[in-house]
Structures are given as structure tokens and as C-alpha cells.
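Every chain is numbered from 1 and lettered A, B, ... according to where its sequence line falls, protein lines coming before strand lines. Please read all numbers here as calculations on a predicted model, not as lab measurements.
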Amino acid sequence: MKIPHDKPVLVTSALPYVNGECHIGHLRTYVPADICVRMLRKMGYRVIFISGSDTHGTPIVLSAEAEGTTPEAVVERYHEHFRRVFDALNVDFDYYGRTDSPANHARTEEIVKDLMARGYVYRKKTKQAYCNTCGRFLPDRYVEGICPYCGTLARGDECDQGCGRHLEPGEIEEPRCKICGSAAVYKDQEHFFFKLSAFSHFLLSYLHGLEGTANARNYALEWVKRELRDWCITRNLEWGVKFPGRDDLVVYVWVDAPIGYISFTEELLRERGEDDTEWARYWKNNEATIIHFIGTDIIYHHCIFWPAMLKGAGYSLPRAVIASGMVKINGKTFSKSRGNVVWASEFLERFHPDMLRYYLVAQSSHTKELDFSWDSFFMRVNNELVAILGNLAYRVLTFTYKHFGMVPAGEIEDEVTSAIESATAEVLSAMENYEFKKMVDATMGLANFGNSYFQREEPWHLIKGDEDARRRCGTIIKNVLQILKSICILLEPVMPEKMGEMWFQLGMETDLHATKIEDLRAPIRTGQKLNKPAVLFQRVG
RNA sequence: GCCGGGGUGGCCUAGCUGGUCAGGGCGCGGCACUCAUAAUGCCGAAGUCGCGGGUUCGAACCCCGCCCCCGGCACCA
């Protein structure tokens with residue numbers, strides 16, 4: 001894909017639901033998003049990068065009750081937790097908001113009113129399970145009972161043990177409250193529905209033009225080609241955004257969550273002192289390129305509900321959706337209850353964040369499943385970051401530091417230029433296709449080339465020779481230093497801290513993070529003093 | 001059941017608009033080197049590309065049938 005250069009770019013990363021700690025499944029979406037943003041900036045784009053905490057919904061309310069505290073307290077705790085993790089990993093959002101902010105409430109109300117005014121929302125009576133003991137209505141997933149089709153024990157929304165059929169609210173027989181276990185009764189309840197079915201035609205053509213990864217587009221198209229059911233967008237809860245004109249209902253969390261993308265943009269621009277209508281350039285007038293990073297589990301919401309809502313309320317539409325594959329642990333699906341999970345904090349206590357950033361993109365292509373294991377992590381770090389990249393930097397820098405102390409004179413050889421050029425071309429084309437693994441593979445290929453070149457030329461012999469030999473040695477060194485400089489620029493988006501360290505050791509005085517891709521073509525300056533080299537990556541495991 | 005993804009040397013995997021397509025990595029064996037974090041380089045062994053048909057001058061790649069594995073099936077963040 002080609003992102004237009006003349007428009008600002010808005011990149012969003014899916015909103016973590018702040019009902020628990022951050023695990024590496026989350027990071028598989030946020031880290032590549034951050035890498036993408038850093039690379040876009042290197043390519044000269046103006047980018048703002050936004051995310052935030054998804055704070056509403058039933059699970060948070062239930063967690064709060066279980067702990068004897070308030071939803072606000074739960075949200076506050078995990079909101080801060082996620083902020084700290086992103087900070088530690090250098091996932092560098094321009095703005096990280098939360099969906100319970102006044103701005104998001106206001107924007108959500110406005111959008112819902114817009115949808116109502118345009119006739120896309122209607123009311124309908126439904127039967128809903130009510131628990132007399134708990135004194136409240138029960139969302140589908142907190143009801144269990146007997147499946148009317150096959151007679152097995154089933155969840156409120158799906159016969160998960162038996163026939164697998166989806167169950168409409170009110171269908172399940174002998175409903176029981178999953179929270180307290182007592183029998184529930186059905187009560188008539190009025191709810192509001194979004195006319196999703198009216199958007200089939202629009203979605204079909206929208207999705208055909210949607211950029212990003214094929215998995216997102218194809219998955220959504222499957223649904224649209226079948227049939228879209230209207231979508232119940234209200235819930236009987238206290239915690240959330242009140243449905244306009246109804247104190248007893250809040251909007252469903254998947255309405256106000258993506259709207260966070262809009263309100264966080266508003267909040268960021270206000271914080272920057274921009275005009276109050278500046279956000280409209282991004283979200284009303286199609287004057288920006290909107291790109292969403294999500295996980296494959298929420299393709300449905302981002303490729304169907306969300307564009308339908310935006311279209312229905314008269315907002316700008318996303319240009320691309322990039323969906324990362326799910327993470328497994330030792331071949332098994334994530335499961336908190338079974339302890340089959342790897343927490344972000346557990347990682348960060350033991351390893352440098354750049355190792356995790358590297359692993360997350362190097363281990364598997366973005367849309368495929370990533371099977372995490374500690375062995376595979378240790379292997380990648382030891383064989384690639386330590387043995388290939390770290391070792392190349394250290395062997396060259398210590399050699400240079402000892403014998404020259406600065407960048408020696410010499411021409412960059414054609415062979416080296418072409419290796420650098422082709423690696424750069426590969427990185428950029430991988431970037432265009434959101435193939436982050438190919439980005440790092442191409443750069444590691446350049447490091448391999450560097451090792452091979454250095455080994456073949458044997459500068460450790462040349463340095464002991466006559467004046468010609470020593471001059472030749474300097475040329476070799478200058479060439480390998482040029483390779484290192486290029487690697488710093490190409491891998492900075494992936495490993496911002498470690499590449500910054502290498503940049504410093506090379507004696508570069510500019511800010512690596514602000515360095516553009518074109519800058520790697522400039523030869524490293526002869527006479528530039530090196531700083532004392534140090535090992536970049538320690539072996540792990 | 002339906003939909004999607006996948007089955008390539010011991011392991012992971014690239015390739016999937018058909019003709020250097022049988023590549024890479026790990027592991028393994030040999031040699032070289034000593035600037036380097038027992039790191040690096042070079043060479044090598046190993047594969048009927050799930051099974052059976054078909055299309056074609058030619059298929060891992062296209063078509064048909066079959067067998068396995070994984071995931072999703074709507075309000076679940």
C-alpha cells in the first residue's frame with residue numbers, strides 16, 4: 001500500500017481492557033504498532049499515535065464487586081499498570097487516554113444522537129434474565145441454563161458444550177444466575193438497536209478497498225456476505241456512558257470504546273493547544289490517513305461495527321486495519337485460569353525491553369500465530385542479537401577503538417553500498433506490506449553480510465602489515481562502520497534503546513530517533529571519534 | 001456443520017499471480033580464523049514439498065477428491 005505523503009497519519013493501537021495485567025498477547029499488537037509509527041516517521045510522515053484504556057463494561061463491574069471496590073478503582077489501577085508497561089517498553093504513544101473521560105462521554109453521546117437522528121437506531125422489547133437475589137439484569141454471559149435445541153447445559157449466548165448454536169437473549173431455558181447460582185427470571189426490557197443490517201451494501205464496497213492485512217479484510221467480508229444482524233447497543237448497567245435520555249441504560253462498551261480513538265485525538269490536539277475543530281481534519285473531513293492496529297480477535301468490531309457507525313454518523317473512515325495473529329504459549333491457547341500466560345512485567349523484570357520487541361516481530365510474521373516459548377526466546381536473543389548483531393558491533397568497534405580510535409579514511413566499496421541499498425529496499429517494501437518480520441530479517445541479513453565481509457578481509461592481519469596494508473585495513477573498517485550505521489537507522493524502530501547505544505559508540509552526535517532513512521546513504525565521517533565500546537546484548541537463558 | 005489458516009529434510013519455516021522452487025534458520029559433521037560475548041567465516045550430510053487423481057512441454061505452487069492439525073462462528077475487550 002501507499003500512504004499519501006501529503007496528509008497527516010493517525011495510527012491507533014487497540015484499547016486494552018483494563019481488567020487485568022498486560023501479557024505478551026497484548027504486546028504483539030502494541031509493539032509492532034510502535035515500530036510502524038517510528039518507521040513511518042523515519043520515512044518522513046507526520047504521524048500521531050494514539051491509544052488508551054477501555055474502561056467500561058460488565059467484567060470490570062464484576063471485578064470491582066468481587067474485590068469490594070469501585071469500577072473506578074479497578075480502572076485506575078490497571079490504567080496506570082498499562083501506562084507503566086508501555087513506558088518501559090518504549091511504546092511511545094502521543095496520547096494514552098481512557099474511555100471514561102468527559103471528552104469520550106461527550107463524543108459518544110453525540111455520535112449516538114447522530115445515529116438516532118439519521119434513523120439508524122430503534123427500540124425493541126427483549127426478554128432479559130433478571131436475578132432477584134443479585135437484584136439486577138444479567139448480561140448473556142452471566143446466565144446459564146438449558147439449550148432449547150439440544151438440552152445440554154449452555155451459556156446464555158451460546159451452547160458451548162453441546163450443539164454450538166448461538167442463542168438469542170431469552171432463548172435459554174431454566175436460566176440461572178452465574179454469579180450467585182440462583183434461578184433467574186425473564187423480564188421484558190426495552191433496548192436500543194443499531195441498524196447494522198442497513199450497512200451491508202456499504203460495508204461490502206468499503207471492505208474491498210480496505211488496506212492493511214488480508215486477514216482483517218477477508219474475515220470481515222465473510223460476515224458481510226452472509227447476513228448482518230442488528231446490534232443491541234444498550235445495557236442495564238450503571239458504569240458506562242449513559243444512553244441519551246435514559247438514566248437506566250448505558251451504551252454497550254463496544255460503542256464507546258472505538259469512539260475513544262476520536263476523543264483521544266481531540267484530547268491530544270487540545271493539549272497541544274490546537275484549535276477546537278482541528279480534530280475534525282482527522283475524523284470528519286478525510287484530511288488524514290487513519291490506520292488501526294488490532295488483534296485478530298477484534299476484527300469483527302473494527303471492520304464491521306466501527307465503519308458502519310462512522311459511516312452512519314458521518315465521520316471519516318479508516319484506510320487500513322492491521323490485525324496481528326494471536327499468541328500461544330508452548331502451543332497452547334492463552335489461559336489465565338490454567339496459568340498458561342506470560343506477563344509483561346515478568347519479562348521486563350528479567351530482560352531488556354528491546355529483546356522482547358525484537359522477538360515479537362522476528363519470531364513470526366505478523367498475521368500468523370506466534371507460539372511463544374522461553375527456549376525460542378533465548379535462541380533468538382543468543383543466536384541473533386548476541387551472536388550476529390551484538391558480536392559484529394563489538395568486534396568491529398573494539399578493533400577500531402584500539403587501533404584507530406576514530407573513523408578511518410577510505411571509500412565505501414560498491415559491494416557494501418549495494419548490500420546496504422538492497423537491505424534498505426527490502427525493509428521499506430516489507431514496511432509497505434506490514435511485514436515486520438521481513439523488516440528485521442532483511443536487516444539481520446545485512447549484519448550477516450558484515451560479519452562475512454569482516455572475516456574475509458582479515459583486518460587483524462592487515463593492521464600488522466606495511467603502510468598499504470594498514471590503509472587497506474582502514475578502508476575495511478570504514479566500510480563495516482558504515483554498515484553498522486545503517487543498521488542503527490534500520491533497526492531503531494525495533495530496538496530504539498540498543499540502537500541508540502550503538503549510535504553513541506559510533507561517535508554519532510545526532511539524535512538517532514530523529515534520523516531519516518535517507519541519512520543512511522551519507523558516509524560516516526572520517527575522523528569522527530568513537531566512544532568506548534561496550535557489549536550491547538548479554539546472553540540469556 | 002459452516003468459514004478461515006495450515007500440513008515443505010530431526011525441529012521451525014520461506015516460497016503459493018506455475019518454469020534457478022526445493023531456499024533460510026536451529027541442530028548435526030568437517031575445516032578455517034583469533035578482532036570478538038566458546039562469538040565469526042567457509043564447506044557438507046539430510047527433504048517422494050499430507051495422500052490420490054487431473055490440467056500443462058513443465059506444479060510445492062492451478063483444478064477435483066480424500067486425510068490430518070489449529071482457530072473462528074457475532075456482541076466475547
Check your understanding: Heavy atoms under 4.0 Å, any strand shown: does R380(A) hit a base, just sugar-phosphate, or nothing?
Key -> nothing

Study note, to complete from the structure: Quick note, K328(A) side chain, CB onward, closest among U40(B), G71(B), U37(B) is G71(B)

**Study point:** Candidates I477(A), N479(A), I476(A) - the one meeting side-chain contact (heavy atoms from CB on, under 4.5 Å) with P408(A)
**Key:** I477(A)

Check your understanding: Considering only U37(B), C33(B), A39(B), which nucleotide approaches the side chain of N391(A) most closely?
Key -> A39(B)

Check your understanding: Hey, would you say the F93(A) and F264(A) ring centroids sit under 6.0 Å apart?
Key -> no

Check your understanding: Of all the nucleotides listed (U37(B), U34(B), G41(B)), which has the minimum atom distance to the side chain of F537(A)?
Key -> U37(B)

Point to revise | Nucleotide pairing, RNA chain B (Watson-Crick or G-U, distances under 3.5 Å), in dot-bracket with [ ] and | | key: (((((((..((((.....[...)))).(((((.......))))).....(((((..]....))))))))))))....

Exercise for review: Check the side chains of E384(A) and Y358(A) for a donor-acceptor pair under 3.5 angstrom, ignoring hydrogens and angles.
Suggested key: yes

Exercise for review: With a 4.0 Å heavy-atom cut-off, tell me which residues in residues 300-313 of chain A come close to RNA chain B, sorted by residue number.
Suggested key: Y300(A), H301(A), F305(A)

Study note, to complete from the structure: Residues of residues 362-378 of chain A with a heavy atom under 4.0 Å from any atom of RNA chain B, listed by number, are K368(A), E369(A)

Point to revise | Distance-only polar pair, side chains of D375(A) and S373(A), donor-acceptor under 3.5 Å | key: no

Review point. If you look at every strand shown and take non-hydrogen atoms under 4.0 Å, does K437(A) touch a base, only sugar-phosphate, or nothing?
Key: nothing

**Study point:** Closest listed nucleotide, where the reference is the side chain of F399(A) and the choices are U34(B), C35(B), A39(B)
**Key:** C35(B)

Exercise for review: State which of C26(B), A74(B), C35(B) makes the closest approach to the side chain of R395(A).
Suggested key: C35(B)

Point to revise | Shortest non-hydrogen separation from M309(A) to V255(A) and the atoms involved | key: CE-O, 3.7 Å

